[in-house]
Amino acid sequence: MTTRETLMRRLEREWRSFEEAYEGLAEPALHQPGVVGEWSVKDIIAHVTVWEEEALKHLPAILQGRTPPRYSAAYGGIDAFNALTMGAKKKLSLAEVLRERASVHRRLLELIERTPDEHLDPKARFRRRLRLDTYGHYRRHTRAIQAWRARQPEK
């Protein structure tokens with residue numbers, strides 16, 4: 001199996017686990033705060049999409065040999081960046097969040113498919129950034145949603 005195939009399988013597996021974490025929840029549950037801090041499942045989906053958008057913005061720069069800006073310098077840190085971006089995403093409807101999720105994820109997969117093999121090596125800068133913004137990130141939020149669901153009273 002090639003590095004690309006291994007990467008794509010890993011991305012698909014982690015993405016599917018993320019989707020399964022909230023699969024079957026009724027819409028009111030998707031809006032319920034408290035999954036991670038005050039964030040709802042809808043907020044987490046929007047947050048994961050923001051980071052895929054960041055990957056789409058910065059991975060091409062890495063391919064060109066440039067260094068993406070540091071969040072500490074540009075925003076005052078990752079927490080400040082998350083607060084800023086989530087302030088804008090809070091206004092979106094669930095349908096809009098889900099449309100963005102699908103569109104951005106599709107564009108990310110297309111970018112990976114076009115990426116030269118040498119950048120997909122696990123030690124490459126491109127791959128490290130990809131892991132941080134995608135499949136490593138999905139796993140973290142998958143676990144948070146699963147833990148939240150386990151705490152919910154049975155109906």
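Nothing here was measured: the structure is a model prediction, and the numbers come from that model. Excluded from the calculations below are hydrogen atoms, water molecules and symmetry mates; all remaining heavy atoms, backbone and side chain alike, are included.
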Heavy-atom side-chain contact between [X] and [Y] under 4.5 Å:
{"X": "Leu56", "Y": "Val104", "answer": "yes"}
{"X": "Glu96", "Y": "Glu100", "answer": "no"}
{"X": "Arg125", "Y": "Thr67", "answer": "yes"}
{"X": "Val48", "Y": "Arg101", "answer": "no"}
{"X": "Tyr138", "Y": "Arg16", "answer": "no"}
{"X": "Asp43", "Y": "Met86", "answer": "yes"}
{"X": "Leu7", "Y": "Leu130", "answer": "yes"}
{"X": "Trp148", "Y": "Gln152", "answer": "yes"}

Would you call Lys89-Glu53 a salt bridge at under 4.0 Å N-O?
-> yes
Do Arg107 and Glu110 sit within salt-bridge range, that is, some charged N less than 4.0 Å from a carboxylate O?
-> no
Would you give the length of the straight line joining atom [atom1] of [X] to atom [atom2] of [Y], rounded to the nearest 0.5 angstrom?
{"X": "Thr2", "Y": "Leu120", "atom1": "OG1", "atom2": "CG", "value": "8.5 Å"}
{"X": "Leu25", "Y": "Arg149", "atom1": "CG", "atom2": "CZ", "value": "3.5 Å"}
{"X": "Phe126", "Y": "Leu59", "atom1": "CZ", "atom2": "CG", "value": "4.5 Å"}
{"X": "Phe18", "Y": "Gln146", "atom1": "CZ", "atom2": "CD", "value": "11.0 Å"}
{"X": "Ser17", "Y": "Glu23", "atom1": "OG", "atom2": "CD", "value": "10.5 Å"}
{"X": "Arg106", "Y": "Leu111", "atom1": "CZ", "atom2": "CG", "value": "13.5 Å"}

Cluster link [X] to [Y], ILVMFWY, side chain under 4.5 Å:
{"X": "Tyr22", "Y": "Val36", "answer": "yes"}
{"X": "Tyr71", "Y": "Leu84", "answer": "yes"}
{"X": "Phe81", "Y": "Trp39", "answer": "no"}
{"X": "Val50", "Y": "Ile78", "answer": "yes"}

If you count the non-hydrogen atoms of other residues, nucleotides and ligands that lie under 6.0 Å from CZ in Arg70, is the total more than 12?
->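 Not buried by this count: 12 neighbours or fewer within 6.0 Å.
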Any donor-acceptor N/O pair, Arg4 side chain to Thr115 backbone, under 3.5 Å = yes
Please find the pair of heavy atoms, one from [X] and one from [Y], that lie closest to each other, and give the distance.
{"X": "Val97", "Y": "Ala46", "result": "CG1-N, 3.8 Å"}
{"X": "Ala21", "Y": "Ile145", "result": "O-CG2, 3.3 Å"}
{"X": "Pro60", "Y": "Ala55", "result": "CD-O, 3.9 Å"}

Test side-chain contact (heavy atoms from CB on, under 4.5 Å) on Lys42 and Glu27 and set out the steps.
-> CA-CA 9 Å; Lys42 175 192 153 237; Glu27 186 166 344; over 6 Å; no
Checking side-chain hydrogen bond (donor to acceptor under 3.5 Å, both in side chains) against His137, which of His47, Glu14, Glu52 comes through?
->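 Result: among His47, Glu14, Glu52, His47 is the only option passing the side-chain hydrogen bond (donor to acceptor under 3.5 Å, both in side chains) with His137.
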Can Leu109 and Met8 be said to form a side-chain contact (heavy atoms from CB on, under 4.5 Å), step by step?
-> CA-CA 8 Å; Leu109 295 178; Met8 296 305 279; 3.9 Å; yes
Candidate pair Thr6 and Arg9, rule side-chain contact (heavy atoms from CB on, under 4.5 Å), full reasoning = CA-CA 5 Å; Thr6 302; Arg9 284 185 182 189; 5.9 Å; no
Chi angles and distances behind the side-chain contact (heavy atoms from CB on, under 4.5 Å) call for Arg127, Thr3 = CA-CA 11 Å; Arg127 177 73 177 264; Thr3 301; 3.8 Å; yes
Can you list every side chain to side chain donor-acceptor pair (under 3.5 Å) pair that touches residues 75-87, not counting sequence neighbours?
->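 Qualifying pairs: Trp51-Asn82.
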